Amino acid sequence: MLWVVGGVAVAMVAFIVYLMWPRTPEHVLVVGDSVTFMSWEALTDEFGPGTALEAVARPGFTSTDLLPLVAEAIDSRADSGEKLDRAVFLVGYNDVWNEELDDDRLAEMVELSARYECAVWLTLPARPGGSEPAIGTFNPDLADEWNERLADLVGEHRNLHLVDDWAEAIDGAPDPATYLEDDGIHPNGPGQDLLARTMYEAVTNSCRFPEFSR
C-alpha cells in the first residue's frame, strides 16, 4: 500500500513539474521599435531554434506607425489558419520621444493583442540608473504617463499581462551605461541580452497557463 501511495505521489509531483515548467512556444510575434530591432540577434538566440519569431520592429516607429503592420501580421496569420499563440510588445519610446500620447492607437493595438491566446506588454524605463535620460527630449514624466495608460488598457483583458521587469532593471541599474548606449535609451550589448532574456521569461512565465487567462 505504501508503495502505491508513494508511486502516486511521485507521479503527481512529476505531473505538476511538467505543468509548471516553462516551455518554449512555437511562434511568438515580437512588436517594438529600434530598441527591439537592435536586440533581434539576442532574441533569436534566447528563444532558440524551437521558436519561430515574427518581427514587427521598426526603428523610429510610434504606435501609430506600427498599428497597421501589427494588424496585417495578425490578420495574415489568422487568415492562413495558424494559431495566434504568443506575442510580446515593447512599444512607446517614440510616442514619448515625440510627445504623442493622446492618440488612440495604443488602445487599438492592445485590443489587437488580445486576439492572441496570451500576450505580454513591457513597460518603458523612465529614469535609467535612477536619473533622467541623457537626451532631454525623452520626458520621464511622459514615460510614467504612458506606463499608467498601458496598465489600464492591459488590465481590461485576462489574457494580457503587464510586465515591469525591463523597466525595473534599467531604472534600477547602478549606472545607465550598464545596459544602455550614451543616449540613455538604446540598449548596448548587455542591454540587448537583458531585453531578450526579459522577453523570453515574460512570455514563458506569464503565458504558462493561457487557458485560465480568458
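Only a predicted model underlies this, so the values are computations on that prediction, with no experimental measurement involved.
- Scanning all heavy atoms of the two residues, the minimum distance from Pro140 to Ala126 falls at CB-O, 3.3 Å.
- Applying the salt bridge (Lys or Arg N to Asp or Glu O under 4.0 Å) test to pairs two or more places apart or on separate chains, none has a residue in residues 163-181.
- Side-chain contact between Ile185 and Leu180 is absent, with no heavy-atom pair separated by less than 4.5 Å.
- Each of Val30, Leu195, Thr123 was checked for a side chain to side chain contact (heavy atoms under 4.5 Å, CB included) with Leu90, and the lone residue meeting it is Leu195.
- With sequence neighbours left out, the salt bridge (charged side-chain N to carboxylate O under 4.0 Å, His left out) criterion links Arg105 to Asp103, Glu108.
- The aromatic rings of Phe47 and Tyr200 sit perpendicular, their planes meeting at an angle over 60°, well past the 30° parallel limit.
- Of the candidates Val35, Asp144, Val96, Ile170, Val96 is the only one forming a side chain to side chain contact (heavy atoms under 4.5 Å, CB included) with Leu124.
- Atom CZ of Arg86 sits about 9.5 Å away from atom CD of Glu26, to the nearest 0.5 Å.
- To the nearest 0.5 angstrom, Ser34 atom OG is 6.0 Å from Asn94 atom CG.
- A distance of 15.0 Å separates NE2 of His157 from OH of Tyr116, quoted to the nearest 0.5 Å.
- Salt-bridge formation is detected for the pair Arg127/Asp141: a Lys NZ or Arg NE/NH1/NH2 atom is positioned less than 4.0 Å from an Asp or Glu carboxylate oxygen.
- Asp33 places none of its side-chain heavy atoms less than 4.5 Å from the side chain of Val91.
- Considering NE2 of His186 and CG of Asp182, their distance stands at 12.5 Å, rounded to 0.5 Å.
- For the pair Pro125 and Trp166, the minimum side-chain heavy-atom distance is below 4.5 Å.
- Counting only heavy atoms from C-beta outward, the side chains of Leu150 and Leu162 approach each other to under 4.5 Å.
- Two residues are said to be in side-chain contact when any heavy atoms from C-beta on lie closer than 4.5 Å; Glu117 and Asn159 fail this criterion.
- For the pair His161/Trp121, no side-chain contact is recorded, criterion being any heavy-atom separation below 4.5 Å from C-beta on.
- For the atom pair Leu43 CG and Phe37 CZ, the distance stands at 12.0 Å (nearest 0.5 Å).
- Each of Thr36, Asn147, Val163 was scored for a side chain to side chain contact (heavy atoms under 4.5 Å, CB included) with Leu122, with one residue passing: Val163.
- We find the SG-CZ distance between Cys118 and Arg208 to be 11.5 Å, quoted to the nearest 0.5 Å.
- Annotation: side chain of Cys207 is not in contact with side chain of Pro25 (no heavy-atom distance under 4.5 Å).
- Counting only residues at least two apart or in different chains, salt bridge (Lys or Arg N to Asp or Glu O under 4.0 Å) contacts with residues 61-77 comprise Asp75-Arg115, Arg77-Glu82.
- Side-chain contact check for Pro174 versus Thr178: some heavy-atom pair is nearer than 4.5 Å.
- Hydrophobic clustering places Met109 together with Trp97 (ILVMFWY residues linked when any side-chain heavy atoms are closer than 4.5 Å, directly or through intermediates).
- Using modelled atom types, one finds no donor on one side chain facing an acceptor on the other under 3.5 Å when comparing His27 with Thr51.
- Residues Leu106 and Leu101 fall within the same hydrophobic cluster, defined by Ile, Leu, Val, Met, Phe, Trp and Tyr side chains chained together at heavy-atom separations under 4.5 Å.
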